[in-house]
**Q** 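Please find one structure pasted underneath; my questions will follow.
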Amino acid sequence: MRLFVYLLVLLTGSVPGWSQPGTATVSGYVREAGSQEALIGVNVYRPGTTIGTTTNTYGFFSLTLPAQDSARIAFSFVGYEPVVRQIDLRKNTSLTVLLTPGRALSEVEVKADRTTERVSESAQMSRIDVPISQIKKIPAFLGEKDVLRVLQLMPGVQKGSEGQTGIYVRGGGPDQNLIILDEATVYNASHLFGFFSVFNGDALKSVELTKGGFPARYGGRLSSVIELNMKDGNKEKLHGEGGIGLIASRLTLEGPFTKNKKGSFLLSGRRTYLDIVAAPLINAQSDGQTNAGYYFYDFNAKANYDFGAKNKVYLSGYFGRDRFYARDKTEGSDVGIGWGNATGTLRWNHLFNQKLFANLSLIYSDYKFSISSDEKNNGAGGVDALSTSLRYSSGIRDVSAKIDFDYYPSPQHSVRFGAQTIAHRFTPSALVVQNTLIDRYTRDVEAINAIESVMYIEDTWRPNEKWRINGGLRLSLFSQKEVSYLRPEPRLSMSYQLQPGLSAKASYATMNQYVHLLSNTGIGLPTDLWVPTTDRVKPQQSRQVAVGLAKDFSDNFLLGSGFALTVEGYYKTMQNIINYKEGASFLLIDDPTSAERVRWEDNVTAGRGWSYGAEVLLQRKTGRLSGWLGYTLSWTQWQFAELNGGRPFYPRYDRRHDVSVVGIYELSKRITLSGTWVYGTGNALTVPIASYRAYRHDPGTQFTSGPAGVPSLIAPLFDNGTRANDYDREKNSFRAEAYHRFDMSIQFHKQKKHHERTWEFSLYNAYNRRNPFFYRLETINTIGQPNRTGLFRYSVFPVVPSFSYNFKF
Amino acid sequence: MNYTPFVLACLFLVGCNSLKQEVDPRGLGSEPEKIVVACFISPQDTVLAARIGRSSTILGPDNRAVPDIPNAIVTMSDGTRSVVLKKTIDEVLGYTYYRAKPEQLPVIVGKTYTLTISVPNGQTVTASCTVPGPVAPDDVLVDSTVTTNFGLTRTEYYARLRWLDPAGEVNFYRVAGQNEYIYKTQIRSTPNGPVRDSLIRGQDSWVFNNGSTTTDLGRDGQELISSRGRLAMVYNFRNGEQPSRPKGKLTAYLLNVDENYYHYYDEVERQSKVRNNPFAEPVLIQTNIRGGLGCFGAYNESTLVTELK
């Protein structure tokens, strides 16, 4: 707390050494011309020098410079025409800068020396961002543009199984990613069992993934932070966009809601319609007795209001649901499975002065999974009338308050500090069974409450032209019942400019994770369960060191301009990671009437892991030809006392080589071509090498039911045996076949009188590769030959063509 | 003419062609056969018996029908005395196994026994185990629950064992049980005779769906309660009614087993539940048979008999 008081004193800017005399501060907001959308991460700098800063999540910047008559300040951002302003530096200045979106083919017209954020000039490493405009051009599965799938195409980030949106970052599991949408945690980012992510690209402004060198403001998970920000909404005029695809349609509307253009809103919705299309077929098949289907939908909504230069308020929310249902009139049954997230964020920006920006957020997040089953029997055929209902649910709910300060005392320092408290409420499982005979049966595994609190401070320090240093400390405290854990997390990132456009970087980060995901499928089912740290399950912890080189090619004769190359190596250790014990299955609902209380901790086991590797990324974000080449070479190993006899083993998603090539080519103003090719080493699996019969005995004299239910006596010493598998000595020593796939798409754009339309045709898995989804041993019966066992590969997606119609007005 | 729909349709049909394909990965299918052993000894048992089989490679023709090895040499020893188990055919199930009388090599608590098996092709495997002491069950807890399936309601009966774990030693347990039951049915006593209501008595073993093994890990010296076993009866319905219920003698067995026996039973039970689920965490079955598979384990059996009215 004392730290906070000290930091708040800085509000006045009166602490010696930080605020220098004879300086002037230029501050303000950078917005998109036409929509007034705040732009995140815009470069604000003095041309020809390395003095500069970037805009924060709300488009705010502050730059303090030596007082002088005037200076040129440039504002540049990927995909926008740069702006250079002559600014009077004899006094402090506040301004709003508007950037105009650059035309797709305008690369030759852009003459500023920095059109994109230069990777060589930031202390941050291991960060990936893909412009939303680029995401919309990359081939998409069934036409659904998916930000998480695009992130999977980046080095250091891997997918799990075919078609899944689960993300594995530098040897970490899908539970080790913090996914935040407008600051609210999204606990299950999957629709349709992981084949689609819950994020609708039309509603998003930015996506950024950090996989190492974490600044102190980020924490709570071991492996990555994926930060998504929703658009604020167009402040100038009503604007809309949408699309009609093979499986889903979507519509987004945004515009001002006040005449003074101080407030704007955004509404976005998406729904699948497989169930609506299939309903008549299912109905006809069952003479109108059965109705079954599946759908998902999601809504994004956001509103903001500008209360003058110093205060702004934002309210945003997300609501999404997946639902399976089956109703049968003959059997009187009605079964449903549903899951989904709901998030809400209320934010208040306050500008204390030109150097101190603050944001207060109140955040709500909820993930729920539920099963409902109702049966009604009207008593026909001599059976008593009976109705039974079952309700099962599990989930997690967070309520959180967060405050963040951005303080810009001098051109050398950008300080961020803040605090957050999250009240978690975990519901591992709640079951209610009710029927007319047993009245009511309820079994709750008690909801678990826990409090997670953090404080952080970080400073980006530019001591001279060559060095960039981001140092910070994060303190996290987790309390649940009597146990509490207080953990400091030191963070450091450094960059040293070797020559213009080339920097060497290094970073270190300690991360703690207090919530854990129990998943025994690895495919992102909604039954995956979030559980807290307890007295028996310790917090997960990772330590990661990364080193690398970052090179910006300003005008390479081979590559042209705008290319950036990063090469990184990392080593990461992970402690107290959890996994299901061998043979453990998903929790507590296998026997709803069981009188036994099983603690979920009994089903899990803790161990450690380590991962190391190298990643290369050559990326170009704008231009006629854009995209990237990524390559990852990595090793990941786990060691659990209770798995594999305590010896280290490769987890399922250990991947030696991972390659991705993404290309987007603007053939003309009307036609965009794009293609992606991915290659990955196969998953590490456990496959049996031999089978045998495992015989057992039963105590006492044995009886068995003879003809007509009459018991007859037998007394075998051994039973007939259970068929058992003998596995290799080492777990996961079988490698699945390599995964590779080529996707392509072509977009036809046309400007109509009132709107722009785009037709898109795409092919997923264009050369029809049979990629393994899972393997299974099966017995083959051929007449006249002895039975034999074979290993079968199951694939999910052959070549999948799709088309969609998109519009914008 | 626009060929696009035709091309797309062709692509789709080509694509759907067999998403399931047989593969022949290197390495699988070349595993040599191993000797598989099942031998469980107890001071209470009236026989020393071992069943010897062989494993088969996972891929290729199934030879599961004849896995028993009929010409093995099976020797059991306690370090000073040894006995060769003789080949025998089981009268009921017809399999080959090897047996000897316990008088030839008494099974004594605390002693370590070694089993050696050699087969004509030269393969030899050995294993050892030590006999644990007795632990008696204190009582049997019987309860019942009402369940409903497809509108039919029935009462199910369950039993659990309770006992005091001996302090200061690591213990592994297996529980088992049997009970008598009655069953109302209709029987035609002669081919052309009338159908008569009859009451039949039967006896069968309990079913432990949540595993029949446990340890005193973290609970040393405490009172332990087993998982519940479903009592035997005839789980059928007749005219919407439940015609059967447990009645008569109820026998509960508490086996204090050695670690080999525990791992084998626990892992075989768990593997059989998930071995066909491609997404489940596979269960590896440990073995104490050096060079082979299976288990040579020891147990000490205590019995508790009650009457169910």
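Keep in mind that this is a model prediction, so the values were computed, not measured. Throughout, a chain's letter reflects where its sequence line sits, starting with A, and its residues are numbered from 1.
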**Q** Quick check for you: to the nearest 0.5 Å, what is the distance between Y95(B) atom OH and F718(A) atom CZ?
**A** 6.0 Å
**Q** Is the shortest heavy-atom distance from the side chain of T57(B) to the side chain of T789(A) under 4.5 Å?
**A** no
**Q** Under a 4.5 Å heavy-atom cutoff, which of V687(A), N644(A), T722(A), D726(A) has the most pairs with chain B?
**A** D726(A)
**Q** Taking side chain as everything from C-beta outward and backbone as N, CA, C, O, which of these in L777(A) sits under 4.5 Å from a heavy atom of chain B? Side chain, backbone, both or neither.
**A** side chain
**Q** Which answer fits A50(B), side chain, backbone, both or neither, if we ask what part of it has an atom under 4.5 Å from a heavy atom of chain A?
**A** backbone
**Q** Can a cation-pi geometry be assigned to K20(B) and F792(A), taking NZ or CZ under 6.0 Å from the six-membered ring centre and within 45° of the ring axis?
**A**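 Judged by the rule, K20(B) and F792(A) form a cation-pi pair.
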**Q** Answer yes or no: does atom CG of L199(B) have more than 12 heavy-atom neighbours from other residues, nucleotides or ligands under 6.0 Å?
**A** yes
**Q** Which of the residues I285(B), D45(B), L293(B) is involved in the greatest number of heavy-atom pairs with chain A at under 4.5 angstrom?
**A**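 Of the candidates given, the most pairs with chain A belong to L293(B).
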**Q** Might you work through the side-chain contact (heavy atoms from CB on, under 4.5 Å) test for Y265(B) and R696(A), ending with a clear yes or no?
**A** CA-CA 8 Å; Y265(B) 268 73; R696(A) 290 175 289 180; 3.1 Å; yes
**Q** Kindly compute the distance separating OH (Y695(A)) from CZ (F40(B)), expressed to the nearest 0.5 Å.
**A**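 Reported value, rounded in 0.5 Å steps: 11.5 Å.
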**Q** Q286(B) versus chain A, heavy atoms under 4.5 Å apart: side chain, backbone, both or neither?
**A**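 When you check distances to chain A, no heavy atom of Q286(B) falls under 4.5 Å.
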**Q** Would you sort out whether Q271(B) and Y727(A) count as a side-chain contact (heavy atoms from CB on, under 4.5 Å), showing the intermediate values?
**A** CA-CA 11 Å; Q271(B) 192 192 81; Y727(A) 293 92; 3.3 Å; yes
**Q** Check this for me, if you would: do E22(B) and R793(A) make a salt bridge, where the nitrogen-to-carboxylate-oxygen distance has to be below 4.0 angstrom?
**A** no
**Q** Does any heavy atom of chain B fall under 4.5 Å from the side chain of L685(A), the backbone, both, or neither of them?
**A** neither
**Q** Please report the shortest heavy-atom distance between R174(B) and H697(A), naming the atom on each side.
**A** NH1-O, 3.0 Å
**Q** Restricting to non-hydrogen atoms, name the atom on S691(A) and the atom on I58(B) that form the minimum distance, rounded to 0.1 Å.
**A**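 So the two residues come closest at CB-CD1, 3.9 Å.
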**Q** Go through the atoms of I225(B) and report whether side chain, backbone, both or neither lie under 4.5 Å from a heavy atom of chain A.
**A**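 Contact with chain A involves no heavy atom of I225(B) at all.
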**Q** Heavy-atom distance under 4.5 Å to chain A: side chain of V37(B), backbone, both or neither?
**A** neither
**Q** Would you compute the distance between atom OG of S55(B) and atom CG of N725(A) and round it to the nearest 0.5 angstrom?
**A** 11.0 Å
**Q** Can you tell me which portion of E778(A) sits under 4.5 Å from chain B's heavy atoms? Options are side chain, backbone, both or neither.
**A**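 Contact with chain B is through the side chain of E778(A) alone.
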**Q** Could you tell me whether the side chain of R51(B) and the main chain of D719(A) form a donor-acceptor pair under 3.5 Å?
**A**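 The answer is yes, because a donor-acceptor pair under 3.5 Å joins these two groups.
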**Q** Could you tell me the separation between the CG atom of L643(A) and the CG atom of L284(B), rounded to the nearest 0.5 Å?
**A**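 Reported to 0.5 Å precision, the distance equals 9.5 Å.
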**Q** Return the minimal non-hydrogen interatomic distance between V36(B) and R693(A), and the atom names on each side.
**A**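 Shortest heavy-atom contact: CG1-O, 3.7 Å.
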